[in-house]
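Quick caveat, the model's predicted, so the values are computed rather than measured. Below, read A as the first sequence line, B as the second, and so on, with proteins coming before strands; counting in each chain starts at 1.
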2 protein chains.
Amino acid sequence: MEYCFGVDIGGTTVKIGLFRTDGELIDKWEIKTRTENEGEAILPDVAKALKNKMSEKGIVPSQVSGIGIGIPAPVDEKGIVQNTANLGWGYKEVSREMEELTGMKVAAGNDANVAALGEMWLGAGKGHKNLIMVTLGTGVGGGVIVNGQPLTGSHGAGGEIGHLCVNYNETEQCGCGKRGCLEQYASATGIARLAKKRLAKDGTESVLRGVEKVDAKAVFDALKEGDKLSEEIVEEFGAYLGHAMANLAVVTDPSVIVIGGGVSKAGDILLGYIEKYFKEMVFFANEETKFVLAELGNDAGICGAAKLIL
Amino acid sequence: MEYCFGVDIGGTTVKIGLFRTDGELIDKWEIKTRTENEGEAILPDVAKALKNKMSEKGIVPSQVSGIGIGIPAPVDEKGIVQNTANLGWGYKEVSREMEELTGMKVAAGNDANVAALGEMWLGAGKGHKNLIMVTLGTGVGGGVIVNGQPLTGSHGAGGEIGHLCVNYNETEQCGCGKRGCLEQYASATGIARLAKKRLAKDGTESVLRGVEKVDAKAVFDALKEGDKLSEEIVEEFGAYLGHAMANLAVVTDPSVIVIGGGVSKAGDILLGYIEKYFKEMVFFANEETKFVLAELGNDAGICGAAKLIL
């Protein structure tokens with residue numbers, strides 16, 4: 001087999017990649033995600049897009065190992081989802097349906113777990129078999145790879161790192177209904193929240209007071225300019241995230257922790273603040289665990305999806 | 001293949017079980033663990049014991065699937081340990097050495113992970129593929145099973161549940177050098193510590209004040225007699241353990257959590273106090289996770305070791 005497809009289904013677009021089985025990305029493109037009518041068109045649209053691409057490239061089914069699919073929902077090991085927040089799907093046997101539509105082998109997984117697999121295969125986690133990927137975006141997503149495989153769990157809900165409790169004293173509620181979730185401190189939204197609370201606490205001078213929109217980017221920009229108050233905020237962020245990673249490491253014993261998502265665009269400066277607090281709390285067996293920035297950006301999903309089928 | 005061996009190496013004795021491959025335990029016995037001279041006699045002693053048993057039963061090597069070994073130390077996927085606290089071994093290629101001594105296939109794993117595997121195969125976790133086992137003894141040990149396999153991790157140190165940080169404000173140090181580890185609250189030693197602190201706090205009446213040795217058993221005995229202060233202690237224990245399990249569940253998504261070790265002899269009454277706090281904090285996807293008491297007692301190690309090789 002020479003080829004495989006990686007499909008990353010999002011609420012707005014479906015990203016698709018055609019790969020050689022050695023990992024070379026030959027082509028990638030996007031189609032619209034049509035979520036109306038319970039998302040009934042999504043899989044047929046993808047199937048059609050794959051068939052057209054195969055015609056265009058002169059590829060026949062016997063040359064294709066299969067199709068991997070990442071989905072923004074818990075997915076069990078049979079490729080079944082119970083519900084989705086953004087696709088319109090309720091219960092759906094994704095792998096089976098896609099196999100019927102294409103006649104090819106299909107594997108499906110949760111999008112965050114799949115992105116972690118992508119970074120392991122072709123990105124910042126290359127050469128590692130045990131890794132954690134944390135995606136710091138609007139929320140905090142995560143994927144745990146154990147011995148080369150995504151930790152799926154009994155409901156396909158493994159690796160929900162954003163909902164680790166890191167503050168037993170929190171009074172504000174997380175979107176999930178709990179209090180003190182990592183997501184409340186380490187997501188872009190969470191960092192903005194920490195910043196607003198710190199600014200309101202006292203009158204300490206800060207570049208941030210002249211900024212129209214105090215968001216995560218503004219905080220890291222100010223930090224790079226040497227703003228002391230921004231550094232306090234980033235220290236707080238680093239403490240929550242670093243301690244959470246130390247707790248995760250004691251259970252999953254990763255050799256590398258990959259930090260991705262929009263917040264990670266702040267760059268290497270980010271890693272120091274996380275590692276400092278990680279090392280403060282980590283179990284001795286995990287002291288050598290390394291932190292690295294994700295490398296694949298938006299391609300992590302299609303890369304990991306393709307790896308799912310190999 | 002009809003038979004397999006499960007070997008559970010401890011600091012004082014080695015427990016050995018002869019199993020049919022369908023899980024029936026045919027025979028079990030113990031030999032002394034000779035730890036002198038860097039434990040050089042341990043593996044040869046075990047090999048000899050297995051050979052003698054095979055002669056006794058008229059079993060030939062071609063009838064034996066292999067030998068599984070549980071070891072009280074981190075063990076990597078190749079069956080190598082770097083160091084042991086109680087056996088005298090430093091770096092040791094356990095699987096390779098044992099294969100050379102016996103001519104049979106060998107697999108080795110960490111004893112806590114192996115015990116979890118045993119409960120999955122023949123005990124309280126039967127029928128489950130994703131489970132956590134927590135062993136509440138002098139310390140808190142643990143094993144995490146993911147999709148039927150122990151979570152070993154990159155250094156063989158996966159599943160060190162006892163060293164999850166559950167209290168960021170703790171001032172006393174855990175044996176590992178960190179502060180606030182689950183082991184400081186949920187082990188037999190930890191429960192005794194909670195009891196002593198509670199008794200010292202004020203003059204509240206309690207059955208425990210008349211007890212010579214305030215240990216975990218005394219606390220649970222008093223609880224069963226309706227002692228209010230003991231209930232406060234057990235509530236505190238339950239909160240630390242239940243919250244820790246909720247945090248673990250959000251990452252590993254188990255269908256069942258098995259509670260074992262000496263403390264679990266308190267019986268079913270224990271589970272209610274853990275579950276109460278688990279449910280208070282658990283992520284919605286893991287609400288149905290069940291708590292059960294371990295069933296295999298000291299045989300969990302030999303059972304899980306045997307399963308390692310199958």
Side-chain angles (χ1 to χ4, degrees), chain A residues 73-74 76-77 82-83 128-132 142 144-147 149-169 174 176-182 239-240 243-244 246-256 280-289, chain B residues 73-74 76-77 82-83 128-132 142 144-147 149-169 174 176-182 239-240 243-244 246-256 280-289:
Chain A
D76 75 13
E77 56 191 23
Q82 298 295 332
N83 214 343
H128 294 271
K129 289 171 65 183
N130 293 280
L131 69 82
I132 295 170
V144 177
I145 305 291
V146 170
N147 202 19
Q149 299 293 329
L151 197 169
T152 303
S154 63
H155 307 85
E160 285 284 359
I161 292 171
H163 300 285
L164 281 169
C165 181
V166 295
N167 180 0
Y168 294 98
N169 306 315
C174 175
C176 78
K178 300 197 303 164
R179 288 180 171 76
C181 293
L182 179 60
Y240 281 117
H243 290 161
N247 261 352
L248 261 185
V250 87
V251 180
T252 65
D253 188 15
S255 48
V256 68
E280 182 180 281
M281 187 170 284
V282 74
F283 191 56
F284 63 86
N286 311 112
E287 270 166 6
E288 291 162 27
T289 301
Chain B
D76 76 12
E77 57 192 25
Q82 298 295 333
N83 214 342
H128 295 270
K129 291 170 65 183
N130 293 279
L131 69 82
I132 296 170
V144 177
I145 304 291
V146 170
N147 202 18
Q149 300 292 328
L151 196 169
T152 304
S154 61
H155 307 85
E160 285 283 0
I161 292 171
H163 300 286
L164 279 170
C165 181
V166 295
N167 180 2
Y168 294 100
N169 306 315
C174 175
C176 77
K178 300 197 303 162
R179 288 180 171 79
C181 293
L182 179 60
Y240 282 117
H243 289 161
N247 260 353
L248 261 185
V250 86
V251 180
T252 66
D253 188 15
S255 48
V256 68
E280 182 180 281
M281 186 169 286
V282 72
F283 191 54
F284 64 86
N286 310 112
E287 271 166 6
E288 290 161 28
T289 301

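- Put simply, CG on B/N169 and CG on A/N169 are 6.5 Å apart, with the number rounded to the nearest 0.5 Å.
- Between chain B and the residues A/E288, A/R179, A/K178, A/Q149, the most heavy-atom pairs under 4.5 angstrom are made by A/K178.
- Chain A forms the most heavy-atom pairs under 4.5 Å with one residue out of B/H243, B/Q82, B/E280, and that residue is B/H243.
- Atom OG1 of residue B/T252 and atom CG of residue A/L151 lie 6.5 Å apart, to the nearest 0.5 angstrom.
- Of the inter-residue distances, the one linking B/L248 atom CG with A/L164 atom CG reads 9.0 Å to the nearest 0.5 angstrom.
- Looking at every heavy atom in both residues, A/Y168 comes nearest to B/N247 through OH-ND2, 3.8 Å.
- Taking each heavy atom of A/S255 and B/S154 in turn, the nearest pair found is N-OG, 3.5 Å.
- For chain B, the nearby part of A/V144 is the side chain; its heavy atoms alone come within less than 4.5 Å.
- Rounding to the nearest 0.5 Å gives a distance of 7.5 Å between CD of A/E77 and CG of B/N130.
- Both the backbone and the side chain of B/V251 come within contact range of chain A, each with at least one heavy atom under 4.5 Å from a heavy atom of that chain.
- The CD atom of A/E160 lies 7.0 Å from the CZ atom of B/F284; values are rounded to the nearest 0.5 Å.
- Here the NZ atom belonging to B/K129 is positioned 9.5 Å from the OG1 atom belonging to A/T152, to the nearest 0.5 angstrom.
- B/H155 and A/N286 get closest at one heavy-atom pair: ND1-ND2, 4.4 Å.
- Comparing A/C165, A/A285, A/C174 by how many heavy-atom pairs each has under 4.5 Å with chain B, the most go to A/C165.
- For A/V282, the part lying under 4.5 angstrom from a heavy atom of chain B is the backbone only.
- Looking at B/V146, the atoms closer than 4.5 Å to chain A (heavy atoms on both sides) all sit in the side chain, from C-beta outward.
- Neither the backbone nor the side chain of B/P74 comes within contact range of chain A; no heavy atoms are under 4.5 Å apart.
- Contacts of A/F283 with chain B are made by both backbone and side-chain atoms, with heavy-atom separations under 4.5 Å.
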